[in-house]
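First up is the structure itself, then whatever we jot down about it.
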Amino acid sequence: MADDPFENMLAQMDRAEEYADVDHGVFERLKHPERTLKVTLPVELESGEVEVFEGFRCQFDGARGPFKGGVRYHPTVSQREVEALAGWMTWKAALVDLPYGGAKGGVICEPKDLTERDLERLTRRYTEGIRRMIGPDIDVPAPDMNTNPQTMAWMMDTYSMYEGYTVPKVVTGKPLEIGGTPGRVEATGRGVSIITEKLFEYLERDLTDASIAIQGFGNVGSNAARLLDDAGARIVATSDVTGAAYDPDGLDVGALGAHVEAGGMIEEYTAGDVRGTGAGSAGDDADLVSNAELLALDVDVLIPAAIEGVITADNVDDLCASAIVEAANGPTTVAADETLTQRDVPVVPDILANAGGIIVSYLEWVQNSQEFSWPLETVNVELERRIGSAFDETIERYDEGEVPDLRTAAYTLALERTASAHEYRGLFP
């Protein structure tokens, strides 16, 4: 199951079915994506070569509203992965009670091997390929792995050129100058931080000086690290593809963040000549360990914030964390989940923990619809209210004592809300 995220997502649904008040016929409908488009993308690169890329867009379930989901650029993108991610987006939107269905897109590529001009041409070609499938009231893309506000600006411009006028709300996660909203870039990491704090409140534990390991120091992991560090937690380890920086006394998150923002890698950071040198800079003593070693650290919280399928039956017995907060999509397989449940290790599922991005994307979409904008303070307050409410509802369902874990509690809520929409709407024709 670690190799097939779609099978993993279906297995998570199956675990929740016996606890969810959902008609079996409707439940079976929820296991199948509505449509998936595969596009072939010939792109003339800056080098003069023509390379042919493959891309996908999956619309999983639109019963609750327009489809919503990110676009990722990565060498491992596949149709099955995109369909799984679209399913997770469906449950995520329902869990945090947004009027959206779930979608996802992706292009098979290695962004590090492409120039800025190459990425623009690839993005415009991909947007043209899925153009008939998206729209401000149909399907609204957003950033995901290896895409960013600039990517969304190219997508919006390409779509707008075909329409003949500017259509800001066809995508979210845009730059502020063309209809983006403050707080969107750090929204997913902020949501992870809020959820981690609420988990500690629920467990009646003090987050101050709690040890946290974060696998992945991209947009989500770095923002979560910064905010949790500000809250008083000790970020003892974080990683990228070159390895993990580890310091049991706590990393200098600010120095590490500055190094990575400047294009540096963690392997270089731990070499000793590029780190912060200020008084009391704990990060100066960071050692380089492997990503596998990071996952096995004895910490209060482990936050997987990279890719799916990293906590599996093969390594779950090595995990020593007291709790897990899933910042990545699908990082834990069902087999590993069952072991963690038996060990009473609380796991806050991805469809709750990383929902900050879709919440603030929704706020951006609403503002674009109204041709109005809110200040950062309003956006952050609304993010905290919505994700906090979803956490409280999940805990309430879990505390009723019927479901075995927090993931199943979250899934029962999401499945019931989506199924209810299907039942109200009926089956056409």
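The figures that follow rest on heavy atoms only: side chains count, while hydrogens, waters and symmetry mates do not.
By the 30° and 60° cut-offs, the orientation of the rings of His259 relative to Tyr269 is tilted. His24 and Phe27 have parallel rings, their planes meeting at less than 30° on a 0 to 90° scale where 60° marks the start of perpendicular.
For the pair Arg80 and Asp4, the salt-bridge criterion is met [side-chain N within less than 4.0 Å of a carboxylate O]. Salt bridge present: Arg407 and Glu326 bring a charged side-chain N and a carboxylate O closer than 4.0 Å. Here Asp14 pairs with Lys31 in a salt bridge; the nearest charged N to carboxylate O distance falls below 4.0 Å. With respect to Glu416 and Arg397, a salt bridge is recorded, a charged nitrogen being found less than 4.0 Å from a carboxylate O.
More than 12 heavy atoms of other residues, nucleotides or ligands lie within 6.0 Å of CD in Gln150, so this atom counts as buried by the packing criterion. Within 6.0 Å of CD1 in Ile307 there are 12 or fewer heavy atoms belonging to other residues, nucleotides or ligands.
Contact check for Tyr165 versus Val167: side-chain heavy atoms found under the 4.5 Å cut-off. Side-chain contact between Leu406 and Pro349 is present, with heavy atoms from C-beta onward closer than 4.5 Å.
For the residue pair Thr181 / Lys174, no side-chain donor-acceptor distance below 3.5 Å is found, with atom types taken as modelled. Side-chain atoms of Asp337 and Thr332 include no donor-acceptor pair closer than 3.5 Å. Of the N and O atoms on the side chains of Glu338 and Gln342, not one donor lies less than 3.5 Å from an acceptor on the other residue. Side chain to side chain, Ser239 and Asn291 meet the donor-acceptor criterion of an N or O pair below 3.5 Å. Side-chain contact of Glu293 with Ser290: a donor-acceptor pair under 3.5 Å is present, judged by distance alone. Of the N and O atoms on the side chains of Gln59 and Asp139, at least one donor lies less than 3.5 Å from an acceptor on the other residue. In the model, Thr123 has a side-chain atom that pairs as donor or acceptor with a side-chain atom of Tyr73 under 3.5 Å. Donor-acceptor pairing under 3.5 Å is lacking for the side chains of Asp157 and Ser160.
The CD atom of Glu17 sits 9.0 Å away from atom CG of Leu415, with the distance rounded to the nearest 0.5 Å. For the atom pair CZ of Arg29 and CD of Glu34, the computed distance is 8.5 Å after rounding to the nearest 0.5 Å. Annotation: the span from Leu340 atom CG to Leu319 atom CG amounts to 6.5 Å, rounded to 0.5 Å.
Separation of the Tyr100 and Phe67 ring centroids does not fall under the 6.0 Å cut-off. Ring centroid separation for the pair Phe60 and Trp88 does not come in under the 6.0 Å cut-off.
A donor-acceptor distance shorter than 3.5 angstrom exists from the side chain of Asn315 to the backbone of Val310, with no hydrogens or angles considered.
Under the side-chain hydrogen bond (donor to acceptor under 3.5 Å, both in side chains) rule, Thr172 has a single partner from Lys68, Gln367, Arg184, Glu364, which is Lys68.
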